[in-house]
Amino acid sequence: MVFVLVILIFIALIGCMYSFFKHEVKSSSIFSIDLFLSLLFLYVSVMLAFGLIYFILSIEGIVLAEGGDLIDSSLAGSLLHSIYFSGVTLLTVGYGDILPVGVGRFLALIEALIGYLLPSGLVLKVWQHTVVRQKMNGEGD
């Protein structure tokens with residue numbers, strides 16, 4: 001059951017990323033509020049999705065440790081720790097106050113990689129939009 005939930009969350013994540021990169025920017029300026037909001041939504045979605053994965057795995061077994069001790073708290077506390085750790089990992093802050101254990105290390109590595117790649121994806125998206133706009137206006141070959 002846990003495996004199915006994790007797979008469903010990953011499918012939702014892939015859908016969010018796909019919709020961000022397939023999103024057409026319609027404005028004439030480089031900056032677009034639509035692009036900004038879709039990037040913000042993507043970051044929040046990735047953070048919450050990985051937070052839920054850490055939370056689901058913490059119900060099955062401990063995957064996060066704080067100060068060298070395994071985190072043992074209520075469900076709400078465990079959910080907050082999981083989302084906090086997910087945000088710190090995604091934004092590549094890496095305070096080190098909460099550490100992943102076991103399979104959580106691999107998941108944190110994947111999340112950090114996504115956190116590093118999303119800004120470059122945004123730059124490529126803006127560049128792509130600029131090139132397409134220039135070709136439509138006949139400004140360059």
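Only a predicted model underlies this, so the values are computations on that prediction, with no experimental measurement involved. Keep in mind that the numbers below use all heavy atoms, side chains included, and drop hydrogens, waters and symmetry copies.
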N/O donor-acceptor pairs under 3.5 Å from side chains in residues 103-120, not counting sequence neighbours:
unit_1 : atom_1 : unit_2 : atom_2 : d
R105   : NE     : P100   : O      : 3.4
E111   : OE1    : Y54    : OH     : 3.0
E111   : OE2    : S86    : OG     : 2.6
S120   : OG     : L117   : O      : 2.7

| said: For a 4.5 angstrom cut-off between non-hydrogen side-chain atoms, does L52 reach I83? | reply: no
| Non-hydrogen side-chain atoms of V88 and I98 separated by less than 4.5 Å | no
Identify whether [X] and [Y] are in the same connected component of the hydrophobic contact network (ILVMFWY, side-chain heavy atoms under 4.5 Å).
X    : Y   : answer
L80  : Y95 : no
L39  : L91 : yes
V46  : V44 : yes
V123 : L90 : no
V93  : Y43 : yes

| request: Kindly compute the distance separating CD1 (I53) from CG (L48), expressed to the nearest 0.5 Å. | output: 11.5 Å
| task | Tell me, please, which residues at least two apart from S78 pass side-chain contact (heavy atoms from CB on, under 4.5 Å). | result | F55, S58, S73, S82
| For F10, which residues count as a ring-ring contact (aromatic ring centres under 6.0 Å, His included) partner, sequence neighbours excluded? | F50
